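Computed from a predicted model, the values in this text were never measured in an experiment. Order of the sequence lines sets the chain letters (A, B, ...), proteins ahead of strands, with each chain counted from 1.
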Amino acid sequence: MQPSTFYQDVYEVVKLIPFGRATSYGAIAAYLGTKGSSRLVGYAMNNSIKTETGIPAHRVVNRNGLLTGKFHFGTANEMQQRLENEGLTIIDNQIQNFKTIFWDPTIELDIS
DNA sequence: GAGGTGACTGCGA
DNA sequence: CTCGCAGCCACCT
């Protein structure tokens, strides 16, 4: 297919993240085949919020499960608030048991 | 057309 | 263990 923009692909993957789960920028980038562009994923998220794309960006965190982009939300605690609302535990801006709730698109979606 | 930026990641000291 | 540096690539000004 013809990906209009890198953002579009990122949005598609983020939308597929199931409730109560979270993934990392690198995982999404890797799934898109642009693992080297892990920063672009975060960049896309930033744009997604600004453009009201409705993307659950709060389910996307860095490799350590740290809410690195919480400050980019409308309010600093909104990201954490949403994650806790999904049954996750956040301490010091970091997702607890992140390894357990981690949702890897390269595995869950499987590139077949 | 060129330069600067960034919600990252991995490796080294 | 904690802190710092370099690489990476698409988007924005």
Side-chain angles (χ1 to χ4, degrees):
Chain A
M1 68 188 213
Q2 300 176 334
S4 303
T5 58
F6 178 79
Y7 287 16
Q8 190 62 54
D9 290 341
V10 175
Y11 301 155
E12 292 296 303
V13 178
V14 177
K15 285 184 192 171
L16 295 174
I17 301 174
F19 183 90
R21 295 292 180 96
T23 188
S24 65
Y25 305 98
I28 296 173
Y31 175 72
L32 297 177
T34 58
K35 64 176 184 173
S37 311
S38 51
R39 299 168 129 164
L40 285 311
V41 179
Y43 218 81
M45 298 284 87
N46 188 354
N47 190 41
S48 72
I49 296 173
K50 291 165 60 176
T51 57
E52 297 180 32
T53 42
I55 306 292
H58 60 275
R59 291 181 187 160
V60 185
V61 296
N62 72 341
R63 227 0 189 160
N64 293 313
L66 191 67
L67 310 185
T68 51
K70 61 177 287 185
F71 295 104
H72 287 266
F73 279 76
T75 53
N77 5 354
E78 179 156 345
M79 188 173 187
Q80 179 175 333
Q81 192 71 63
R82 289 192 178 193
L83 288 169
E84 290 181 333
N85 188 34
E86 299 199 359
L88 302 183
T89 303
I90 313 300
I91 299 177
D92 190 27
N93 299 331
Q94 185 171 15
I95 299 176
Q96 301 304 299
N97 303 321
F98 178 65
K99 182 178 175 183
T100 304
I101 65 170
F102 182 67
W103 182 80
D104 191 342
T106 60
I107 297 175
E108 300 298 325
L109 296 179
D110 198 342
I111 307 176
S112 299

Check nucleotides 1-4 of chain C for protein N or O atoms closer than 3.5 Å to its own N or O atoms and list the pairs.
none

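Side-chain atoms of A:Val14 and A:Ile17, non-hydrogen and from C-beta on, do get closer than 4.5 Å to each other. In this structure, the side chains of A:Leu40 and A:Thr34 stay at 4.5 Å or more apart for every pair of heavy atoms.
The distance from atom CD1 of A:Ile28 to atom P of B:dG6 is 20 Å, rounded to the nearest whole Å. Distance, A:Arg82 CZ to B:dA7 C1': 15 Å, rounded to whole Å. Following rounding to the nearest Å, A:Gln8 (CD) and C:dC11 (C1') show an atom-to-atom distance of 15 Å. One atom, CZ of A:Phe6, and another, P of B:dC8, lie 13 Å apart when rounded to the nearest Å. Between the CG atom of A:Asp9 and the P atom of C:dC11 there is a distance of 10 Å, given to the nearest Å.
The cationic group of A:Arg63 does not satisfy the cation-pi geometry with A:Phe98, failing either the under 6.0 Å distance to the six-membered ring centre or the 45° limit from the ring axis.
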From CA spacing to verdict: side-chain contact (heavy atoms from CB on, under 4.5 Å), A:Trp103, A:Leu16: CA-CA 10 Å; A:Trp103 182 80; A:Leu16 295 174; 4.0 Å; yes
Trace of the side-chain contact (heavy atoms from CB on, under 4.5 Å) decision for A:Phe6 with A:Val41: CA-CA 8 Å; A:Phe6 178 79; A:Val41 179; 4.2 Å; yes
Candidate pair A:Asn97 and A:Thr89, rule side-chain contact (heavy atoms from CB on, under 4.5 Å), full reasoning: CA-CA 8 Å; A:Asn97 303 321; A:Thr89 303; 5.6 Å; no
Test log, rule side-chain contact (heavy atoms from CB on, under 4.5 Å), inputs A:Val61 and A:Leu66: CA-CA 6 Å; A:Val61 296; A:Leu66 191 67; over 6 Å; no
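Remark: A:Ser37, A:Arg39, A:Leu40 in residues 37-74 of chain A come within less than 4.0 Å of DNA chain C through at least one heavy atom.
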Distance-only donor-acceptor hits, side chain of residues 50-58 of chain A, under 3.5 Å, sequence neighbours excluded:
unit_1	atom_1	unit_2	atom_2	d
A:Thr51	OG1	A:Asn47	O	2.7
A:Thr51	OG1	A:Ser48	O	3.2
A:Thr53	OG1	A:Ser48	O	2.5
A:His58	NE2	A:Glu86	OE2	3.0

